[in-house]
Amino acid sequence: MYNTKKLIKNAFRITKVRNETAVRLRVPGGHMDAKYLKVIQELAERFGNGTVHLTTRQGYEIPGIKMVQMDEVKQCMAEMIAGIESSCGVVLEDAVNGYPSAGTRNVSACVGNRVCRFANIDSTLLAQKIEKVIYPNDYHLKVAITGCPNDCIKAHTQDIGIIGSVMPDYNEEKCIGCEACVDNCKKKITNALSVENFKVTRDEDYCLNCGECILKCPMGAFSRGEKRYRIVIGGRTGKRNPRLANTFIKNASEEVVLGICKNVYNFMHLYIDRSLPKEHMGYIVDRAGFDVFRREVLAGVKLNPEAKVSEPLNPGYFYRRRADH
Amino acid sequence: MRLDSKQSEAAFLNVVKDYTIVAPTIKVGEGRFSDTDIVTYGNVESLSEIVFDGITQFSAKSVLSPIRETLFSYENNNSAKAKDVGVEMKPTIVFLRACDINSVEVLDAMFLKNGGRQDSYFSGRREHVKFFLLECQSPSASCFCVSMGTSTTKNYSVFVRKEENGYAVKINDDAFSKYFSHGTKAEIEPAFVTEDLSPLSIPDSVDNSLFNHEIWKEYSRRCIGCGRCTVSCPTCTCFTMQDVPDAEDQRKTKRQRIWSSCQIKKFSLLAGNHDFRTTNGDKMRYKVLHKIVDFKKKFGFSMCVGCGRCDQVCPEYISMSKCIEKINAISVSDGEQ
Amino acid sequence: MVSNIYEGNEVKIVKIHKHTKMERTFTLGCELVGCPGQFVMVSVAHAGEIPISISGFSSDTFEITVRNTGKVTSRLFEKKIGDKVSIRGPYGEGFPLADFQDQHLLVIAGGTAVAAVKPLIEYSLTSNDCAARKLDLLIGFRSPKHVLFKTELKGWEKNGGVIVTVDTTENDDEAWAGGIGFVVDFVKYVDDLGPETKVVVIGPPLMMTNTVKELSRHKVCCKNIWTSFERHMKCGVGKCGHCRIRDKYVCVDGPVFNYVEAASLID
Ligand SMILES: Cc1cc2nc3c(=O)[nH]c(=O)nc-3n(C[C@H](O)[C@H](O)[C@H](O)COP(=O)(O)OP(=O)(O)OC[C@H]3O[C@@H](n4cnc5c(N)ncnc54)[C@H](O)[C@@H]3O)c2cc1C
Ligand code: SF4
Ligand code: SF4
Ligand code: SF4
Ligand code: SF4
Ligand code: SF4
Ligand code: FES
């Protein structure tokens with residue numbers, strides 16, 4: 001009666017209750033106009049069981065929908081999903097038929113510089129730009145954006161995590177040698193700063209580009225240079241081999257970020273294990289090899305001069321697995 | 001005088017030929033936080049760059065007392081005596097509000113009078129600086145200049161008001177008449193604030209018992225000793241002196257004076273690690289009493305001019321005026337006992 | 001043209017006396033007209049500038065006695081006879097010599113601070129017009145090997161009561177015949193203490209407070225006690241703000257303060 005594969009691709013879920021589904025709404029960047037809450041309320045109360053679940057990926061999931069009403073549901077939410085996607089520059093040509101794909105998960109983001117003092121970037125805006133590059137797409141990929149290395153969105157648990165960074169500009173003429181930046185970096189971060197004769201030096205090799213020296217400086221002697229991004233890859237949870245992501249590229253430009261996000265799908269297309277219903281990017285990298293991954297995702301991407309490509313992935317943590325018998 | 005926009009910019013262009021102009025201006029994207037701007041003092045070349053309302057993050061004191069100023073240079077390893085670098089400065093106009101014009105008196109007192117000696121670097125700059133007045137139609141949220149007696153001034157060369165179709169100017173100093181001769185005659189008077197949003201009473205003196213009062217413990221918990229309040233303050237003048245080696249040639253050294261502050265670490269540290277005022281509450285007390293009592297005892301007027309910058313920049317939302325209120329309440333109740 | 005108040009004068013080091021590993025007296029080859037208790041700003045090229053008390057005056061030289069504690073002092077210790085440093089000063093208010101004239105004067109000093117009272121002692125002993133009637137010295141050091149001005153101490157003993165004590169003789173190879181204990185414990189051995197005795201106390205903060213307490217037990221009047229403050233200093237001339245306590249600048253209004261005033265100056 002229902003084609004489960006099509007239904008899932010359409011962002012509906014096969015649930016515990018036969019003939020009952022739930023719909024998942026994308027909110028790229030986790031930030032949207034408040035007016036859509038009315039639509040969500042209407043969907044939940046008219047078609048669902050009157051409740052809404054906030055997903056870990058910052059979408060809305062509306063449970064308790066009768067499968068027979070799916071077309072009505074899609075009708076009801078069409079304007080909203082088209083609106084949200086168009087704010088990312090994605091055109092849903094057939095919004096009345098719902099989402100064209102659900103494999104690529106909602107691109108989530110911390111609140112970013114729209115609110116947070118630590119943020120180096122507008123996390124939502126970058127999530128929306130990435131959404132435009134990668135959506136719609138069927139491959140299962142998790143991408144999240146965080147505004148600074150505090151990593152509130154947990155970019156380190158994503159296939160691709162983007163961490164907002166900044167190049168701190170130091171102006172000796174404004175520095176009073178108060179050492180606030182040095183002490184803070186030493187206590188809280190990586191001890192990348194040192195001071196001698198009232199002049200601060202920053203060790204690029206250790207600097208996380210978190211921007212806290214800029215926040216701490218009373219004089220504005222450290223100020224904001226270019227926005228940059230740390231791309232971490234291969235993070236995952238799951239049943240076999242959870243692992244935190246590793247830095248792939250430090251201090252990448254936005255162009256590099258977008259280029260890599262796009263290329264990842266090529267890589268997956270070439271190397272995915274088609275015998276499985278789906279395969280996470282990290283497992284594909286493990287199998288195909290980091291060198292292959294690097295070659296594929298950097299194809300045609302022009303690295304900005306400050307960008308530094310890092311070393312292979314860590315092995316992660318394996319659940320104890322019983323020997324074959 | 002009234003000048004339309006065109007006339008004003010033309011007049012200003014001529015002023016720029018003869019003077020460096022320092023005025024409140026917006027620096028886009030240069031805020032501490034990502035994608036924020038700041039309004040602060042900077043060099044401007046046209047009237048349109050000037051921001052006429054609001055408080056600047058930093059004051060203009062760096063014009064008279066640069067953040068890092070080279071006093072002497074050592075040319076090689078052998079000489080014990082350093083060469084006086086002196087002051088080179090183009091005549092400069094600074095756009096200031098009444099409180100900030102009054103703040104220059106504090107700088108004068110410190111650099112030209114305190115200790116019975118004159119600081120030649122400061123006086124060298126001071127004689128090149130003229131003030132243009134910015135008016136205050138209404139007080140900003142954190143200022144309290146009326147309470148500090150600094151809300152008005154006559155000490156300016158030219159007053160400039162931005163109007164819908166141009167600018168209105170009042171010329172106090174004949175040297176500037178020639179620049180503004182093309183306008184239409186009009187009697188222009190600057191507005192000054194006449195009432196603070198929350199008027200304060202300033203105690204004349206404080207009892208020594210205040211030193212151990214509970215209020216400083218609260219500040220110890222709140223203040224992080226970052227020094228923002230003092231580096232933004234137009235009247236803080238403290239500095240340190242350091243011999244800084246030349247980046248290119250290590251045999252050369254500059255003796256620089258560099259802003260310092262009683263709020264930052266090592267300000268009073270002695271060799272052997274003995275220190276004074278080791279809690280941030282004690283530092284706060286030292287600062288606030290200097291601002292409202294100690295300086296006044298010496299010079300007859302308060303150091304603080306009520307500009308409100310320290311409130312605006314404090315990351316912990318610590319307010320100078322609230323602290324003054326607390327001190328006043330304590331000294332009044334002490335006086336009654 | 002305003003003269004430059006931060007500009008020093010080059011002077012030659014004409015003699016260096018090594019008291020201990022850490023302390024040396026440098027004799028500088030120029031005349032300096034000043035008062036006991038005043039200090040100079042000593043500038044070591046490429047290192048920086050520091051306040052140092054004048055530890056001796058003579059007709060064509062003066063002395064400074066320095067403890068090697070940090071950046072500038074260690075660079076000064078690299079200097080040899082014939083090398084030059086730069087000096088400005090003398091600065092500050094010294095001891096009120098007129099108040100000591102024909103009086104019983106007791107000088108209590110600890111460690112390197114003895115350098116700061118040495119000119120006062122010498123002046124009180126030798127001056128014709130302003131000498132004290134009776135001079136007692138109570139001087140403390142950490143241990144025998146830390147004792148400074150050994151020759152001078154011998155000379156002073158000829159002219160007045162001198163008690164030299166060390167905190168301890170432990171871990172010290174030098175023979176010791178003087179007192180052992182803190183100076184405060186030796187105040188009771190000073191003869192004729194009374195309300196009119198003039199006392200100068202100078203040393204580490206704790207030593208000063210304890211000693212003043214002990215003195216009041218012996219009926220010494222607070223207004224007859226003077227002390228010298230040590231505060232972080234950068235300019236020496238009332239500009240940099242580092243040495244300020246309330247409305248007083250230690251470099252200008254001090255370093256010598258009468259105890260009544262000193263007690264009211266809370267940092
Ligand atoms: C009035 C006065 C008289 C003094 N007389 C003597 C003396 O006769 N002999 C002697 O050995 N020392 C004396 N000192 C102390 C001497 O100034 C310090 O030991 C010296 O400044 C340490 O400098 P540094 O660069 O070697 O040490 P660092 O620890 O590297 O000090 C860095 C800076 O801190 C400041 N500073 C540190 N300690 C002091 C301090 N105790 N007093 C003032 N500023 C300080 C100086 O600006 C110094 O350059 C006196 C201090 C004062 C205030
Ligand atoms: S950006 Fe962060 S890690 Fe780098 S120097 Fe500044 S505070 Fe330290
Ligand atoms: S916090 Fe700013 S002023 Fe202080 S040492 Fe660092 S750069 Fe210099
Ligand atoms: S203490 Fe605060 S209000 Fe007073 S002058 Fe300084 S910055 Fe302005
Ligand atoms: S408040 Fe502090 S920094 Fe400001 S002038 Fe006073 S002592 Fe100096
Ligand atoms: S009062 Fe505020 S601005 Fe001043 S040092 Fe404390 S925390 Fe910093
Ligand atoms: S040492 Fe600079 S004000 Fe006293």
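These numbers come from a predicted model, not from an experiment.
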Side chain from CB out, backbone as N, CA, C, O: work out which of these in C:Arg88 comes under 4.5 Å of a heavy atom of chain B, or both, or neither. side chain
Please list, chain by chain and in numerical order, all residues satisfying side-chain contact (heavy atoms from CB on, under 4.5 Å) with C:Ser216, sequence neighbours excluded. none
Can you tell me if NZ on B:Lys252 sees more than 12 non-hydrogen neighbours from other groups inside 6.0 Å? no
Decide yes or no on side chain to side chain contact (heavy atoms under 4.5 Å, CB included) for B:Thr240 and C:His242, but give the supporting numbers first. CA-CA 8 Å; B:Thr240 180; C:His242 278 84; 4.0 Å; yes
Should the pair B:Asp119-C:Lys239 be classified as a salt bridge under the 4.0 Å nitrogen-to-oxygen rule? no
Considering only heavy atoms, which portion of C:Asp83 lies under 4.5 Å from any heavy atom of chain B: side chain, backbone, both, or neither? neither
Answer yes or no: does atom NZ of B:Lys90 have more than 12 heavy-atom neighbours from other residues, nucleotides or ligands under 6.0 Å? yes
Within the supplied structure, the quantity of interest is the number of heavy atoms (other residues, nucleotides, ligands) at a distance under 6.0 Å from C:Arg142 CZ; does it exceed 12? no
Taking the side chain as every heavy atom from C-beta outward, state whether C:Pro205 and B:His274 have any pair of such atoms under 4.5 Å apart. yes
Quick one: what part of B:Gln242 sits under 4.5 Å from any heavy atom of chain C, side chain, backbone, both or neither? side chain
Within residues 228-238 of chain C or reaching into it, pairs that qualify as side chain to side chain donor-acceptor pair (under 3.5 Å) - sequence neighbours excluded: C:Arg231-C:Asp267
Select one option (side chain, backbone, both, neither) describing which atoms of B:Val244 are under 4.5 Å from chain C's heavy atoms. neither
CA sep, side-chain torsions, deciding dist, call: C:Glu49, B:Phe72, side chain to side chain contact (heavy atoms under 4.5 Å, CB included): CA-CA 12 Å; C:Glu49 197 176 31; B:Phe72 299 100; over 6 Å; no
Measure distances from B:Phe239 to the heavy atoms of chain C and classify the residue's part below 4.5 Å as side chain, backbone, both or neither. both
Tell me, for B:Ser123 versus chain C, whether the close heavy atoms (under 4.5 Å) come from the side chain, the backbone, both or neither. side chain
Residues, nucleotides or ligands: over 12 heavy atoms within 6.0 Å of C:Lys71 NZ: yes
Check for a donor-acceptor pair, side chain of B:Asp243 on one end and backbone N or O of C:Ala47 on the other, with a separation under 3.5 Å. yes
Give me the contact list for residues 105-115 of chain B versus chain C, heavy atoms only, anything under 4.5 Å, ordered by residue number. B:Met110, B:Phe111, B:Leu112, B:Lys113, B:Asn114, B:Gly115
Which atoms of B:Phe299 come close to chain C, meaning under 4.5 Å heavy atom to heavy atom: side chain ones, backbone ones, both, or neither? neither
Which answer fits B:Phe276, side chain, backbone, both or neither, if we ask what part of it has an atom under 4.5 Å from a heavy atom of chain C? side chain
Against chain C, work out which of B:Leu71, B:Leu269, B:Leu289, B:Thr237 has the most heavy-atom pairs shorter than 4.5 Å and name it. B:Leu269
Heavy-atom cut-off 4.5 Å, strictly under: side chain, backbone, both or neither for C:Val44 against chain B? backbone
List the atom of C:Ile266, the atom of B:Arg285, and the distance in Å for their closest heavy-atom pair. O-NH1, 4.3 Å
Spacing of NZ belonging to B:Lys297 relative to NZ belonging to C:Lys248, to within rounding of 0.5 Å: 5.5 Å
Is the CZ atom of C:Phe149 crowded by more than 12 outside heavy atoms at less than 6.0 Å? yes
Do you see a donor-acceptor pair shorter than 3.5 Å between the side chains of C:Tyr6 and B:Asp84? no
For C:Gly241 versus B:Phe267, what's the shortest heavy-atom pair and its separation? O-CZ, 3.7 Å
Listed by chain and number, what are the salt bridge (Lys or Arg N to Asp or Glu O under 4.0 Å) partners of B:Lys296, not counting sequence neighbours? B:Asp204
Part of C:Cys235 lying under 4.5 Å from any heavy atom of chain B: both
Should the heavy atoms of other residues, nucleotides or ligands under 6.0 Å from CG of B:Asn208 be counted, would the total exceed 12? yes
Tell me, out of B:Cys262, B:Ala271, B:Ser268, who's got the most heavy-atom pairs with chain C below 4.5 Å. B:Ser268
Spacing of OG belonging to C:Ser43 relative to CZ belonging to B:Arg255, to within rounding of 0.5 Å: 3.5 Å
Value rounded to 0.5 Å, distance of OG1 in C:Thr69 from CG in B:Leu270: 9.5 Å
So what's closer than 4.5 Å to chain B heavy atoms on C:Val237: side chain, backbone, both or neither? both
Compute both the distance and the angle, then confirm whether C:Arg244 meets the cation-pi test with B:Tyr286: under 6.0 Å from the six-membered ring centre, within 45 degrees of the axis. yes
Are B:Arg117 and C:Tyr91 close enough, and set up right, to give a side chain to side chain contact (heavy atoms under 4.5 Å, CB included), and what steps lead you there? CA-CA 12 Å; B:Arg117 293 179 173 87; C:Tyr91 292 130; 3.5 Å; yes
Evaluate the side-chain proximity of C:Tyr249 to B:Lys298: yes if any heavy-atom separation is below 4.5 Å, no if none is. yes
Heavy atoms of C:Ser3 and B:Ser120 approach each other most closely as O-CB, 3.8 Å
